[in-house]
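Below you'll find the structure, written out as structure tokens, and then a few comments.
Lettering of chains follows the sequences in order, A, B, ..., and the numbering in each one begins at 1.
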Protein chains: 2
Amino acid sequence: MTIGEASRASGVSEKMIRHYEAIGLLHPARQANGYRTYAQADIAVLRFIRHARDLAFPLEDIRRLLALWRDRGRASAEVRALALAHVAALEEKAHALQAMAASLKHLAAHCHGDARPDCPILDQLAEGGPVPHPEPEGHHR
Amino acid sequence: MTIGEASRASGVSEKMIRHYEAIGLLHPARQANGYRTYAQADIAVLRFIRHARDLAFPLEDIRRLLALWRDRGRASAEVRALALAHVAALEEKAHALQAMAASLKHLAAHCHGDARPDCPILDQLAEGGPVPHPEPEGHHR
DNA sequence: CTTGACCTTCCCATCATGGGAAGCCCCACA
DNA sequence: TGTGGGGCTTCCCATGATGGGAAGGTCAAG
């Protein structure tokens, strides 16, 4: 298999396949003419990487996951710990984003949003800190 | 005010202050010796940028927000629209992250996580697509 | 006049990804 | 046999926001 075929078979771009090789995640054979050659095992690795990337694992984590995958005797606890740490990171980021969205939504709710120039959103960005009185919970005004 | 003082006054690093100037968000005066000089208005801009960054506005959005801020006659609708578009983007990202976290959590829940080598997490990454049967909702097994 | 804190510019790194150029390889077709 | 084109190679550059660090100028206090 050439790199183009491997790309189609794995759903990973040629650019990325070369990059993963450059950082040592895979080691395809070479033909006499310098072309890379991919065996089924390489395609499996590429698919593995793609699925892990779909779950937003950083490549360094994927490097460890691949090592664990190749290690037939690994303890599943190791994999689980890595996965759960990533889950925690994902959730933390998600919550941070949602908190920002909520703050901004709160500000936008107080902005009439018509042709008039006064705008609590800009006022808040200009003056206040992170965000003013988000009022613990519930009913507006 | 020198850049160091401006940094302390605004909470923006010197590196970033210079960067914001390089991309045209700011135009501090220069002294004869080449040192940048920051007036109160510049500090206000830096604070504005920092607050907007705290809400994860990309710098290109901030460029527009600053223009609107400086334009005394702008319609608040414009600001609101920009903010709400950003809210949508934040929420989309947050949901994507939470979906990934949920998928991975689901897999981890099915991994006993002990010394044994078999692991549904690795199996899924190796074989399956994005994620298998997340079972619509609720009670496990 | 030296020391040290501060400023300047410039280059490099991050993380994952892609664009694009220059050049080689190979196959099919005329 | 020549040529066209598609695929392959490597190398450089860009993204977005941030920081590290080097080499060198400036200034005030000692």
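- In this structure, A:Ile62 places its CD1 atom 8 Å from P of C:dA16, rounding to the nearest Å.
- Judged by distance alone, with hydrogens and angles left aside, the side-chain atoms of A:Asp42 form a donor-acceptor pair with the main-chain N or O of A:Ala39 at under 3.5 Å.
- Rounding to whole angstrom units, CZ of residue B:Phe57 and P of D:dG16 are separated by 17 Å.
- Residues A:His110 and A:Pro120 approach most closely at O-CG, 3.0 Å, considering heavy atoms.
- Judged by closest nucleotide on DNA chain C, B:Glu5 is the one of A:Met16 and B:Glu5 placed further toward the 5' end.
- The side chain of B:Tyr35 lies closest to C:dC7, out of C:dC7, C:dT9, D:dG7.
- Regarding A:Ile49, its CD1 atom lies at a distance of 13 Å from the C1' atom of C:dA16, rounded to whole Å.
- Of the candidates D:dC8, C:dG19, D:dT10, D:dT10 carries the atom nearest the A:Arg30 side chain, counting heavy atoms from C-beta on.
- Note: CG (A:Leu55) to P (C:dA16) measures 14 Å, nearest angstrom.
- Residue A:Ile23 contributes atom CD1, which lies 9 Å from atom P of C:dT17 at whole-angstrom precision.
- Minimum heavy-atom separation, A:Gly113 to B:Ala77: O-CB, 3.3 Å.
- Sparse packing is recorded around CZ of B:Arg72, with 12 or fewer heavy atoms of other residues, nucleotides or ligands lying under 6.0 Å away.
- At a threshold of 4.5 Å between side-chain heavy atoms, the hydrophobic network of Ile, Leu, Val, Met, Phe, Trp and Tyr places A:Tyr20 and A:Tyr35 in two separate groups.
- Counting any heavy atom pair closer than 4.0 Å across all strands shown, B:Arg36 reaches sugar-phosphate atoms only and no base atom.
- Distance from the side chain of B:Ile3 is smallest for C:dT8 among the nucleotides D:dT18, D:dC8, C:dT8.
- Formation of a donor-acceptor pair under 3.5 Å by the B:His51 side chain with backbone atoms of B:Arg47 is found in this model.
- Both B:Pro58 and B:Lys15 lie near DNA chain D, and the one whose nearest nucleotide falls closer to the 5' end is B:Pro58.
- At a threshold of 4.0 angstrom between heavy atoms, the contacts of B:Glu60 with the nucleic acid are absent.
- Residue-level contact check: A:Arg18 touches the bases, meaning some heavy atom is under 4.0 Å from a base atom.
- Comparing D:dC8, C:dG20, C:dT17 by their closest approach to the side chain of A:Thr2 singles out D:dC8.
- In this structure, B:Asp54 places its CG atom 14 Å from P of D:dA17, rounding to the nearest Å.
- Side-chain N/O atoms of A:Ser13 include one lying less than 4.0 angstrom from OP1 or OP2 on C:dG18.
- Of all nucleotides listed (C:dT8, C:dT17, D:dT18), C:dT17 comes nearest to the side chain of A:Arg53.
- With rounding to whole Å, B:Glu21 atom CD is found 12 Å from C:dT9 atom C1'.
- Across all strands shown, A:Tyr20 has heavy atoms under 4.0 Å from sugar-phosphate atoms exclusively, and none from any base.
- Proximity note for B:Asn33 (side chain, C-beta onward) versus D:dC27, C:dG20, D:dG19: the nearest is D:dC27.
- A straight line from NE2 of A:His19 to P of C:dT14 spans 10 Å, rounded to a whole angstrom.
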